[in-house]
Amino acid sequence: MSENVVHLYKDPDPEDTPPTPPTSLTVVADTPAVPLWVRSGRAIRRMATDERTTTAGRVIVRHSLYTFNGGRIVARRTWDGKTGARYERMLRAAEAAGNYEVAEEWEERLQRFRDARHRRRMDLLHSPVDVAKGVGVAAAMSVGTLVMLGVVMALNTKEFGDVITPLMATVDFIGLLIRIVQVVWGPAITLGPFLALLALWGVGRHQQAAPQWALPANVRSSEGEPITPSIVVKALRDLGIPALRNAIKEMGDVGASMLSPITIAGCGVEVDVTLPSGVTTVEVQQRRRKLAENLTRHEHEVFINIPPAARTVRLWVADSGALDEPIGPSPLATDETMTANYKTGKAPWGQDLRGDAALISLYQRHVLVTGLSNQGKTASLRALALWVALDRSVQFWIADLKGIGDWAMFDGIADVLIEGPTDEHVIQATEMVEDAVEEMNRRIEARRLDPDVVFPPLIVLVDEAQLAFMCPVKGEDKRPYGGSSSTSRYFMAVRKVHNQGRAVDVLMWQGTQDPTDQNLPKLVREGAHTRASLVLGTESQAEMALGAKAVNGGAAPHLLRQGLDKGTLVVASDGIDIPKGQSSITVRTHFIDDDPAKEIAARAKALRDGVTTLRVIERGEERDALADIAHVIGNVARLRTNEVLKRLHALDAAAYGDEWTNDRLKGLLEEHGEEPKKSHGVMVVHRDHVLRALANRGPDGSASASE
């Protein structure tokens, strides 16, 4: 169908404008109308799901339940105060927990309460008569007192009518009170119920007596809600332990009697739970994840330890997300004036879960730090070394078998610094530890001669020590460098340092990763006084790292999160303050990056007179036997020849082995114009003779021509 077009504007020049041809107008039929009931439903749904509607609904439900549940709370308190219900609940709870001594005590209290209540009820039988007598006596005495007061007034004023003046004044006052009550009574009757409801609402609001979804946004939380006794009891009830669930049900409303007071502990709370009879602490420990989820926490935010009290577990529950927050820089990096004292000081390693500074003593303690790769092992071990390096008396021998520069800043601090992952570097590290054994033996011998002698602390540090234990290379004597047998050179050297090094301040520090029986033998890991572990893969590895005692006591490095809990260590050591009754402590260590580490190392170098760091250990060099004899004699005027031989062997067992006898010693001295003499029938070597031989020998080390 076609129609003429109607213009909606005025043509400026209709004569000059060509006529527009007719156009066709297509009429499209309207879409079917949406039924009214559908549109109404959609509108109602939009209104019901609108944020303002839901907020208003929560407000109405919340405040209504505050009032209703507040009434329940007041009724329960009133009932408990008037009856023995409270005593009966506590009695049932003690019986369910198997604590029969406490149950007997509550039973005695209940009986005393019942006796006292019975006496009060019996007294009520006589109270009406007593009250009537009391009211009559009081009224008579009051009237008599007023009359006597009126007589006094009449005698004073000479007016007989004043005798009843006090009595009439009292009557008028009583009438005034009655009129006040008449005026107030109506509004009080009207407002009383509203005031009562307001009081009930206040009780309910204080107790947050409403469902979680109806609470305000700043209180409502689907995760990380505040830890309260009821929440802890409910979480324990739902652990899936039948004996525990049944005991809590029998306790009823007094299940919280199992709990100690909930106390704030750092970025979380701590509570002790006394388990009912028939429930073991191991059963609770094995359900750590379920307990954490029942408490609306992640598994890594709940720690379970075993305190000294029998049948008790100690729960530490972190504030939601608190453990993911950084702990701040190390004091070593922020305080340029900080120094260290190896003997009496403690290294600032990080923070414990309570937020307190975790300080650790390194004095005469062998150290082992282990964990999975790339979790902060080297950084945590290096932080300890950087602190103790600020004590100028401490010496370092370091082997970094990773060899990527993590320990490069110790060039100029360490006397020995080996860096590299090859078998040759492992051989050098092994020989370094063997040299430490010789140094240890020399110190032990010197200590035997002079118990008061003091040695500078020597820390022998091997990072990535698993490479040394796994090294397949054998030496010329066919002894393997790696392994864990009695012929393994690295293993035996570490064992010797562990056995006797502490007494003369020769200490072994090792860092290793992914521990197994092959790359971290049992005797070596158990020889460390301070054992620390980052995240590990299995519980068996946790036992290797920290020992079965620590793991059974709640240590769980295998439950840390790989990649998320970098630098978090579980530490078992007597050098760090561990809460009483626990066998380990979790420490979030400070991370010291390479640049701050270099600055701290520079401060340590400035405290020292200058150290020439040996990069490669030279082996098999020719020893100066005459100089060594003078060295082992020391300041002693003369020493028996067999004692000289013992000290030479302790100085270098390889150079002065079984082939060194009295005859060889005598021949060496005779070659230089001296020889052992007898003193009281025993062959001795005189110190002056040895020094004279050293002074008179030629530049090539041979005896002087004048001799």
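Since this is a predicted model, take the numbers as computed values, not measurements.
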With side chains defined as the heavy atoms from C-beta onward, is the minimum distance between Ile241 and Val284 less than 4.5 Å?
yes
So, does Arg72 use its side chain to make a donor-acceptor pair with the main chain of Phe68 at under 3.5 Å?
no
Answer yes when Glu105 and Arg109 have at least one side-chain N-carboxylate O distance shorter than 4.0 Å, and no when they do not.
yes
Leu372 and side-chain contact (heavy atoms from CB on, under 4.5 Å): which single residue from Gln562, Gln513, Lys377 fits?
Gln562
Under a 3.5 Å distance rule, please check whether His590 uses its side chain to pair with a backbone N or O of Gly328 as donor and acceptor.
yes
Are any side-chain N or O atoms of Arg365 and backbone N or O atoms of Tyr363, one a donor and one an acceptor, separated by less than 3.5 Å?
yes
Min side-chain heavy-atom separation Thr312-Val273 under 4.5 Å:
no
For Val570 against Ala555, the heavy-atom pair lying closest together
CG1-CB, 3.7 Å
Could Arg588 and Asp565 be called an ion pair, given the rule that one side-chain N must be under 4.0 Å from one carboxylate O?
no
Donor-acceptor under 3.5 Å (Asp356 side chain, Asp352 main chain):
no
I'd like to know if Arg525 and Asp517 make a salt bridge, using a cut-off of under 4.0 Å between side-chain N and carboxylate O.
yes
Please check: side-chain N/O of Arg531 versus main-chain N/O of Val369, any donor-acceptor pairing under 3.5 Å?
no
Between OG of Ser330 and CZ of Phe591, what distance do you get to the nearest 0.5 Å?
11.5 Å
Note: Arg119-Asp123 ion pair, threshold 4.0 Å (strictly below):
no
Which distance, rounded to the nearest 0.5 Å, do you find between the CD1 of Ile578 and the OG1 of Thr586?
10.0 Å
Decide, yes or no, whether a salt bridge links Lys522 with Glu526 under the criterion of side-chain N to carboxylate O below 4.0 Å.
yes
Between the side chain of Glu270 and the main-chain N/O of Thr263, is any donor-acceptor distance below 3.5 Å?
no
In this structure, CG of Leu315 is separated from CG of Leu291 (nearest 0.5 Å) by 6.0 Å
Could you state the interatomic distance from CG (Leu244) to CZ (Arg237), rounded to the nearest 0.5 Å?
10.5 Å
Quick one: closest heavy-atom pair of Asn519 and Thr512, and the distance?
O-OG1, 4.2 Å
With a 3.5 Å cut-off and no angle check, do the side chains of Glu250 and Asn246 form a donor-acceptor pair?
no
Counting C-beta onward and ignoring hydrogens, is there a side-chain heavy-atom pair between Asp463 and Gln510 closer than 4.5 Å?
no
Is there a side-chain contact between Trp201 and His63, using heavy atoms and a 4.5 Å cut-off?
yes
Given 3.5 Å as the limit, does a donor-acceptor pair link the side chain of Gln375 with the main chain of Gly371, or not?
no
Would you mind reporting whether Gln518 and Ser484 have side-chain heavy atoms less than 4.5 Å apart?
no
Any side-chain heavy atom of Met544 sitting closer than 4.5 Å to one from Leu536?
no
Are the side chain of Ser361 and the backbone of Lys346 linked by a donor-acceptor contact shorter than 3.5 Å?
no
If you measure from CG on Leu362 to OG1 on Thr530, what distance do you get to the nearest 0.5 Å?
7.0 Å
Any heavy-atom pair between the side chains of His558 and Thr538 that's under 4.5 Å?
no
Taking Arg382 for its side chain and Ile592 for its backbone only, find out whether a donor-acceptor pair lies under 3.5 Å.
yes
Would a 4.5 Å heavy-atom cut-off, applied to side chains only, mark Leu239 and Leu236 as touching?
yes
Quiz item: cation-pi between Arg314 and Phe303, 6.0 Å / 45°
no
Do you see a donor-acceptor pair shorter than 3.5 Å between the side chains of Glu543 and Ser540?
no
May I ask you to decide if Met508's main-chain N or O and His366's side chain share a donor-acceptor pair within less than 3.5 Å?
yes
Give, for atom CD of Gln286 and atom CD of Glu539, the distance between the pair rounded to the nearest 0.5 Å.
8.0 Å
